[in-house]
2 protein chains.
Amino acid sequence: MRDRILKAATHLFAKQGFDGTSLSEIASAVEIKKPSLLYHFRSKAELRVAVLASMLDHFKAVLPELLAAAASQEQLASVLRALVGFFRADRDRARLLLREALDRPEELRGLVHEHVTPWVRMVEERIRQGQADGSIHAHADPAAYCVHAIQLVVGGLASADSLGVLLDDDPEAAEARLTEELLRMLHRGLYRPGAEGERPPGGE
Amino acid sequence: MRDRILKAATHLFAKQGFDGTSLSEIASAVEIKKPSLLYHFRSKAELRVAVLASMLDHFKAVLPELLAAAASQEQLASVLRALVGFFRADRDRARLLLREALDRPEELRGLVHEHVTPWVRMVEERIRQGQADGSIHAHADPAAYCVHAIQLVVGGLASADSLGVLLDDDPEAAEARLTEELLRMLHRGLYRPGAEGERPPGGE
DNA sequence: TCGTGAGCCTACCGCTCGGTAGGCAGCAAG
DNA sequence: CTTGCTGCCTACCGAGCGGTAGGCTCACGA
């Protein structure tokens with residue numbers, strides 16, 4: 001039951017925000033009453049922390065994969081693809097993260113510093129290597145590039161519903177099209193054309 | 001007074017969200033009581049609509065400039081710079097927009113369709129021209145590129161507080177550095193290097 | 001001088017919120 | 001059989017919410 005509550009709360013917080021979701025609402029989503037919910041989580045604040053911790057656990061579970069992708073000699077696109085994969089696996093993750101960035105930036109700053117920095121440092125290093133061997137634009141700012149890549153992946157999935165209308169496609173096709181262009185754009189934003197087999201993911 | 005309320009509400013909604021802000025809070029920010037506030041705006045919902053409309057008015061005011069920049073023979077970077085300028089002029093705008101995208105995607109979709117589409121169509125056209133004369137990558141997806149550009153500008157300014165820690169700089173320097181790389185990245189994501197005087201904004 | 005409306009106030013309404021008290025079924029161990 | 005724990009319930013609490021009623025002051029025009 002604890003897990004069911006966690007899952008329902010994650011979904012509702014992501015969809016309506018923390019302030020826009022009541023405990024009764026979450027309780028009724030898992031077919032119990034509010035005091036029963038408060039038996040499992042002592043307060044709403046505790047539930048919020050648990051929801052965040054749960055998402056962080058999922059992220060930590062895929063972190064080795066991300067780090068391995070960054071460390072390998074493969075192209076960086078695979079790192080970005082893994083990142084997109086993590087957030088596409090559950091769209092609530094992107095929404096939740098974005099809400100946290102808006103509602104509690106200081107708190108999120110700490111989490112980012114602790115858990116995302118190692119990954120970013122590794123990608124940075126790979127980018128600098130690419131710059132040294134000439135495959136990556138010399139005037140790219142490695143760290144800033146990483147930040148923008150994360151922003152694109154998270155923001156893109158969270159706001160696809162609103163901005164998708166700018167494409168004429170149906171929503172599903174629009175999302176696929178956006179993801180493809182996202183990967184190509186991140187690729188073009190980094191690699192110099194024609195360099196050592198680094199091809200854009202979508203083909204030409 | 002109506003304007004003062006609007007301004008305070010904009011700031012608080014952007015910072016804490018609609019559900020996280022009470023009418024008393026807004027009232028006390030302009031040093032009146034809640035019923036006096038409700039004299040100027042009949043309900044909280046009406047105030048929300050007014051806040052959004054006010055931001056939209058500001059956007060409509062700069063739209064001609066954006067369209068002119070897109071239509072001119074200058075490089076597209078100036079369009080993006082104008083877009084960044086609009087959101088940097090008041091950071092609440094980016095936050096508010098992102099919150100709206102999360103809280104009321106259907107509603108925002110309508111607004112986007114009505115007010116942003118003309119600008120996007122124009123930029124698309126310019127991109128296609130660039131593709132025809134070879135200055136822009138042939139495999140770029142013009143509309144999807146525009147969507148990502150908007151996401152980067154809006155999301156970047158709204159979440160700079162959280163993600164800025166990934167750079168070691170102090171917050172102010174981090175933001176400037178991110179904006180510079182953002183423009184360069186958007187440039188590299190579009191233009192083929194060395195094509196007809198299209199230089200990245202930051203120089204090399 | 002008086003009426004009128006704008007703009008603000010205090011006092012209050014019903015409602016929902018997060019959270020607590022206390023009880024009741026079921027089950028497992030002594 | 002009893003004891004005690006788990007997991008749920010109903011009933012309730014105070015606080016804060018959005019919103020209303022009605023009255024006060026003050027400026028302004030007839």
Side-chain angles (χ1 to χ4, degrees), chain A residues 1-57 92 95-96 98-108, chain B residues 1-57 92 95-96 99-100 102-108:
Chain A
M1 174 54 73
R2 210 170 177 277
D3 281 353
R4 283 182 61 202
I5 294 173
L6 219 48
K7 205 173 159 186
T10 301
H11 182 64
L12 287 169
F13 286 166
K15 190 173 151 200
Q16 312 173 148
F18 182 74
D19 290 321
T21 306
S22 72
L23 290 181
S24 324
E25 212 171 346
I26 301 170
S28 87
V30 293
E31 291 165 307
I32 59 173
K33 302 293 175 183
K34 186 179 55 172
S36 307
L37 191 154
L38 283 163
Y39 168 80
H40 294 280
F41 298 89
R42 253 178 277 181
S43 70
K44 197 185 182 185
E46 185 178 310
L47 179 55
R48 186 184 68 83
V49 170
V51 162
L52 242 66
S54 149
M55 191 180 65
L56 203 62
D57 282 346
D92 288 340
R95 289 194 223 273
L96 212 56
L98 216 52
R99 285 195 185 279
E100 213 59 19
L102 287 167
D103 289 342
R104 273 164 290 269
E106 337 72 34
E107 206 167 317
L108 186 61
Chain B
M1 175 54 73
R2 210 169 178 279
D3 281 353
R4 283 182 62 200
I5 295 173
L6 220 48
K7 204 172 161 188
T10 301
H11 182 62
L12 287 169
F13 286 167
K15 189 173 153 201
Q16 315 173 3
F18 182 73
D19 289 321
T21 305
S22 73
L23 291 180
S24 324
E25 213 172 344
I26 302 169
S28 88
V30 293
E31 291 165 305
I32 59 173
K33 303 292 175 182
K34 185 177 55 169
S36 307
L37 189 155
L38 285 163
Y39 167 81
H40 294 283
F41 298 89
R42 255 178 276 181
S43 69
K44 197 185 182 185
E46 185 177 310
L47 179 54
R48 187 184 66 83
V49 170
V51 162
L52 242 66
S54 149
M55 192 180 63
L56 204 60
D57 283 346
D92 288 339
R95 290 194 223 273
L96 212 57
R99 286 195 184 275
E100 212 59 19
L102 288 167
D103 289 341
R104 273 163 290 268
E106 337 72 35
E107 206 168 317
L108 187 60

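Throughout, protein chains are lettered first and strands after them, A, B, ... in sequence-line order, and every chain is numbered starting at 1. Please read all numbers here as calculations on a predicted model, not as lab measurements.
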### Task
Apply side chain to side chain contact (heavy atoms under 4.5 Å, CB included) to M55(A) and T10(A), showing your working.
CA-CA 9 Å; M55(A) 191 180 65; T10(A) 301; over 6 Å; no

### Message
Rounded to whole Å, please give me the gap between CG in L37(B) and C1' in dT20(D).
### Response
15 Å

### Message
Does anything in residues 25-35 of chain B come within less than 4.0 Å of DNA chain C? Heavy atoms only, and list the residues if so.
### Response
I32(B), K33(B), P35(B)

### Message
Here's a test for you: under side-chain contact (heavy atoms from CB on, under 4.5 Å), which of L12(A), L6(A), L56(A) qualifies with V51(A)?
### Response
L6(A)

### Those residues of residues 13-22 of chain B lying under 4.0 Å from DNA chain C by at least one heavy atom
none

### Query
Out of curiosity, K15(A) NZ to L96(A) CG, how far, rounded to the nearest 0.5 Å?
14.0 Å

### Query
Looking at residues at least two apart in the chain, or sitting in another chain, which of them share a side-chain contact (heavy atoms from CB on, under 4.5 Å) with L23(B)?
I26(B), K34(B), L37(B), L38(B), K44(B), L47(B)

### Task
Figure out the CG/P separation between D3(B) and dG7(C), and round it to whole Å.
13 Å

### Message
Rounded at 0.5 Å granularity, tell me how far CG in D103(B) sits from CD in Q16(A).
### Response
9.0 Å

### Message
Applying salt bridge (charged side-chain N to carboxylate O under 4.0 Å, His left out) to R95(B) and E100(B), what does each step give before you reach the verdict?
### Response
CA-CA 9 Å; R95(B) 290 194 223 273; E100(B) 212 59 19; over 6 Å; no

### Message
My understanding is that only residues two or more places apart in sequence, or in another chain, count here; which of them pass side chain to side chain donor-acceptor pair (under 3.5 Å) with E46(A)?
### Response
none

### Query
Hey, can you pull the residues of residues 38-47 of chain B with a non-hydrogen atom under 4.0 angstrom from DNA chain C?
Y39(B), H40(B)

#### Entry: Aromatic F18(B) / basic R104(B) pairing, under 6.0 angstrom, 45° off normal
yes

### Task
Could you go through the side chain to side chain contact (heavy atoms under 4.5 Å, CB included) check for I5(B) and I32(B) one step at a time?
CA-CA 10 Å; I5(B) 295 173; I32(B) 59 173; 4.2 Å; yes

### Message
Which residues pass the side chain to side chain donor-acceptor pair (under 3.5 Å) test with H11(A), not counting sequence neighbours?
### Response
D92(A)

### Query
When the distance from CG of L12(B) to P of dG18(D) is rounded to whole Å, what number comes out?
12 Å

